**Student:** 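Submitted below is the structure of interest, expressed as structure tokens.
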Amino acid sequence: VRQPEPLSSWGHAAILKVKEEPGDQVGPELEKIARDTNAADLDRVRALFLIERVGPRAKYELLQPLSQDASAAVRAAAYYVVGCHGSDRAKALAASGAKDADPFVRRRALEAVVRMGLSPETPFVPVDDLVKLLSDPDRFVRWAARVALERTPRAEWQDKAIALSDPAGAAEGYLALTRTAKSPADVKPVLDRQLEWLKKDSLGTDDQPRLLRTTQLAILKAEKAVPANLRAEIDALARKRFPAKEEPLSREYARMIAWAGQPGAIETILKAMPEGDENKPLQIEYMYAVRTIPTGWTPELN
């Protein structure tokens with residue numbers, strides 16, 4: 001279990017060589033280490049991975065108690081290995097990990113259910129659990145929950161996702177709705193809700209770029225179904241906040257102003273352009289934005 005670089009070719013070869021001597025005793029000895037609560041967490045995790053990798057495969061009777069272990073590292077490893085199995089009770093066990101107290105364990109459990117074939121035709125995770133995790137404090141858990149949610153029947157969670165009341169969860173929910181939309185028309189309610197959020201002055205500096213990026217993706221998905229008034233409304237709220245104190249946020253608003261393409265958009269962006277050599281990366285970003293505006297150019301602006 002302490003083989004250096006166990007995932008490398010030479011490390012794996014060394015493990016297989018060690019395995020030849022004790023033969024059939026390797027599995028039971030590794031299982032003994034995995035169950036030993038006095039052993040180091042890393043040794044227990046390595047033992048569990050080796051059981052799955054070099055055989056015999058880990059049994060449910062081993063994985064179930066380890067998924068409830070006091071060590072979060074061991075629980076996470078157990079859910080990772082569970083994801084390599086496909087029985088109904090293994091799927092139920094993986095689904096239960098979404099409620100674990102540790103964020104890394106929740107993430108591993110969510111990744112496991114996706115690897116086990118979660119799909120709209122074969123859902124085995126309660127959508128309410130996944131929708132709740134869209135608002136998880138850990139961004140990796142939010143991402144994993146969204147990926148899992150997209151593999152469940154959309155009709156069961158679309159209203160719940162669009163009604164989320166926190167900006168981080170709402171951004172993930174809108175992204176899931178956009179990615180699973182069957183037609184551009186399905187995206188219109190998402191765009192309407194996103195616009196409501198973007199108009200709020202209470203949004204934090206982390207929430208604004210999240211919602212702006214999900215709005216950009218929804219616009220691309222909606223294609224010609226974009227509401228006629230959306231460009232003017234986006235332009236008004238973006239110009240109100242552009243340029244922002246935070247440079248990454250200014251970049252997002254510049255892109256939105258350019259997409260809206262309203263009169264004076266070119267001047268608005270160029271007016272915020274840093275002078276000289278003080279900030280060339282931002283100059284490039286602004287030029288990248290204005291290049292998409294087809295009309296409104298004058299000799300002076302050129």
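In what follows, every heavy atom counts, from backbone to side chain, and hydrogens, waters and symmetry copies are set aside. For this chain, numbers begin at 1 and follow the sequence in order. The structure presented is a predicted model; accordingly, all values stated were derived computationally and were not measured.
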**Student:** Are R239 and D235 ion-paired here, with the side-chain N under 4.0 Å from a carboxylate O?
**Tutor:** yes

**Student:** Salt bridge (Lys or Arg N to Asp or Glu O under 4.0 Å) for R46 and D43? Distances and angles first, verdict last.
**Tutor:** CA-CA 5 Å; R46 286 273 186 89; D43 289 347; over 6 Å; no

**Student:** Any side-chain heavy atom of L237 sitting closer than 4.5 Å to one from M256?
**Tutor:** no

**Student:** Does W259 offer a backbone N or O that forms a donor-acceptor pair with the side chain of R231 under 3.5 Å?
**Tutor:** yes

**Student:** Distance-only, no hydrogens or angles: does the E20 side chain make a donor-acceptor pair with backbone N or O of V18 under 3.5 Å?
**Tutor:** no

**Student:** State, to 0.1 Å, how close V113 and A95 come at their nearest heavy-atom pair, and which atoms those are.
**Tutor:** CG1-N, 3.8 Å

**Student:** Do you know the tightest heavy-atom contact between S135 and G169?
**Tutor:** OG-CA, 3.6 Å

**Student:** Would you verify whether the NZ or CZ of R89 falls within 45 degrees of the ring axis of Y60 while also being under 6.0 Å from that six-membered ring's centre?
**Tutor:** yes

**Student:** Decide whether I162 and L203 are clustered together by the hydrophobic rule: side chain heavy atoms of Ile, Leu, Val, Met, Phe, Trp, Tyr closer than 4.5 Å, transitively.
**Tutor:** yes

**Student:** Any side-chain heavy atom of K280 sitting closer than 4.5 Å to one from D277?
**Tutor:** yes

**Student:** Which heavy atom in S250 sits nearest to a heavy atom in Y286, and how many Å separate them?
**Tutor:** CB-OH, 3.4 Å

**Student:** Quick check for you: to the nearest 0.5 Å, what is the distance between L48 atom CG and E31 atom CD?
**Tutor:** 9.5 Å

**Student:** With no hydrogens and no angle check, is any side-chain donor or acceptor of R291 less than 3.5 Å from a backbone partner on Y288?
**Tutor:** yes

**Student:** Quick one: does any side-chain atom of R213 pair with a main-chain N or O of Q208 as donor and acceptor, under 3.5 Å?
**Tutor:** no

**Student:** Quick one, R44 with D69, criterion salt bridge (Lys or Arg N to Asp or Glu O under 4.0 Å). Give me CA distance, side-chain angles, the key distance, then yes/no.
**Tutor:** CA-CA 11 Å; R44 299 178 68 197; D69 196 86; 2.7 Å; yes

**Student:** Between R241 (side chain) and Y253 (backbone), is there a donor-acceptor pair under 3.5 Å?
**Tutor:** no

**Student:** For the CH2 atom of W157 and the CG atom of L164, what is their distance to the nearest 0.5 Å?
**Tutor:** 10.5 Å

**Student:** Would R115 and Y80 count as a side-chain contact (heavy atoms from CB on, under 4.5 Å) if you check the C-alpha gap in whole Å, the side-chain angles of each, and the deciding distance to 0.1 Å?
**Tutor:** CA-CA 10 Å; R115 295 205 315 278; Y80 179 89; 4.1 Å; yes

**Student:** Per the side-chain hydrogen bond (donor to acceptor under 3.5 Å, both in side chains) rule, what does the pair list look like for residues 91-101, sequence neighbours excluded?
**Tutor:** R75-D100

**Student:** For V147, is there any backbone N or O sitting under 3.5 Å from a side-chain donor or acceptor partner on R151?
**Tutor:** yes

**Student:** If I take atom NZ from residue K199 and atom NZ from residue K240, how far apart are they, to the nearest 0.5 angstrom?
**Tutor:** 10.5 Å

**Student:** May I ask you to test the P103-P137 pair for a side-chain heavy-atom distance under 4.5 Å?
**Tutor:** no

**Student:** Taking atom types as modelled and ignoring hydrogens, do the side chains of E247 and N279 form a donor-acceptor contact shorter than 3.5 angstrom?
**Tutor:** yes

**Student:** List the steps, then state whether side-chain contact (heavy atoms from CB on, under 4.5 Å) holds for V125 with L118.
**Tutor:** CA-CA 8 Å; V125 183; L118 181 68; 4.2 Å; yes

**Student:** Give a yes or no on whether the ring-centroid distance for F140 and F104 is below 6.0 angstrom.
**Tutor:** no

**Student:** Is it true that V74 and L63 fall in one hydrophobic cluster, defined by side-chain heavy atoms closer than 4.5 Å?
**Tutor:** yes

**Student:** Looking at K32, I'd like to know if its NZ atom is crowded, meaning that more than 12 non-hydrogen atoms belonging to other residues, nucleotides or ligands lie closer than 6.0 Å.
**Tutor:** no

**Student:** Check whether V141 and V105 end up in the same hydrophobic cluster, where Ile, Leu, Val, Met, Phe, Trp and Tyr are linked by side-chain heavy atoms less than 4.5 Å apart.
**Tutor:** yes

**Student:** Before giving the answer on side-chain contact (heavy atoms from CB on, under 4.5 Å), spell out for H12 and V54 the whole-Å C-alpha distance, their side-chain angles and the decisive distance to 0.1 Å.
**Tutor:** CA-CA 9 Å; H12 185 55; V54 303; 4.0 Å; yes

**Student:** Grab the two heavy atoms, one from L7 and one from R53, that are nearest each other, plus how far apart they are.
**Tutor:** CD2-NH1, 3.6 Å

**Student:** State the CG-CD distance between L211 and Q194, to the nearest 0.5 angstrom.
**Tutor:** 7.0 Å

**Student:** Taking all non-hydrogen atoms of both residues into account, name the closest pair between T205 and E246 and its distance.
**Tutor:** CG2-OE2, 3.2 Å

**Student:** List the steps and the verdict of side-chain contact (heavy atoms from CB on, under 4.5 Å) for V290 and W297.
**Tutor:** CA-CA 10 Å; V290 297; W297 292 95; 4.1 Å; yes

**Student:** State plainly whether one hydrophobic cluster holds both L50 and L16, where clusters connect Ile, Leu, Val, Met, Phe, Trp and Tyr through side-chain heavy atoms under 4.5 angstrom apart.
**Tutor:** yes

**Student:** Could you state the interatomic distance from OG1 (T215) to CG (L195), rounded to the nearest 0.5 Å?
**Tutor:** 8.0 Å

**Student:** Among residues two or more places apart or on two chains, list those pairs meeting salt bridge (charged side-chain N to carboxylate O under 4.0 Å, His left out) that have a residue in residues 133-142.
**Tutor:** R106-D136

**Student:** Hydrophobic clustering (ILVMFWY, side-chain heavy atoms < 4.5 Å, transitive) - are I257 and I219 grouped together?
**Tutor:** yes

**Student:** Please find the pair of heavy atoms, one from A170 and one from W197, that lie closest to each other, and give the distance.
**Tutor:** CB-NE1, 3.8 Å

**Student:** Is L177 close to V187 at the side-chain level, that is, under 4.5 Å between some pair of heavy atoms?
**Tutor:** no

**Student:** Kindly compute the distance separating CG (L62) from CZ (R57), expressed to the nearest 0.5 Å.
**Tutor:** 12.5 Å

**Student:** Would you say the side-chain atoms of Q216 and E252 include a donor-acceptor pair closer than 3.5 Å?
**Tutor:** yes

**Student:** Counting distance only, does the side-chain N/O of E285 pair as donor-acceptor with the main-chain N or O of A254 below 3.5 Å?
**Tutor:** no

**Student:** For P6, is there any backbone N or O sitting under 3.5 Å from a side-chain donor or acceptor partner on W10?
**Tutor:** no

**Student:** Test salt bridge (Lys or Arg N to Asp or Glu O under 4.0 Å) on R210 and E172 and set out the steps.
**Tutor:** CA-CA 9 Å; R210 287 192 193 110; E172 295 291 351; over 6 Å; no

**Student:** Using salt bridge (Lys or Arg N to Asp or Glu O under 4.0 Å), reason through R108 and E111 one step at a time and then give a plain yes or no.
**Tutor:** CA-CA 5 Å; R108 280 287 185 249; E111 292 169 346; 2.7 Å; yes

**Student:** Within the 4.5 Å heavy-atom criterion, are M273 and L270 side-chain neighbours or not?
**Tutor:** yes

**Student:** E52 and H85: side-chain donor and acceptor closer than 3.5 Å?
**Tutor:** yes

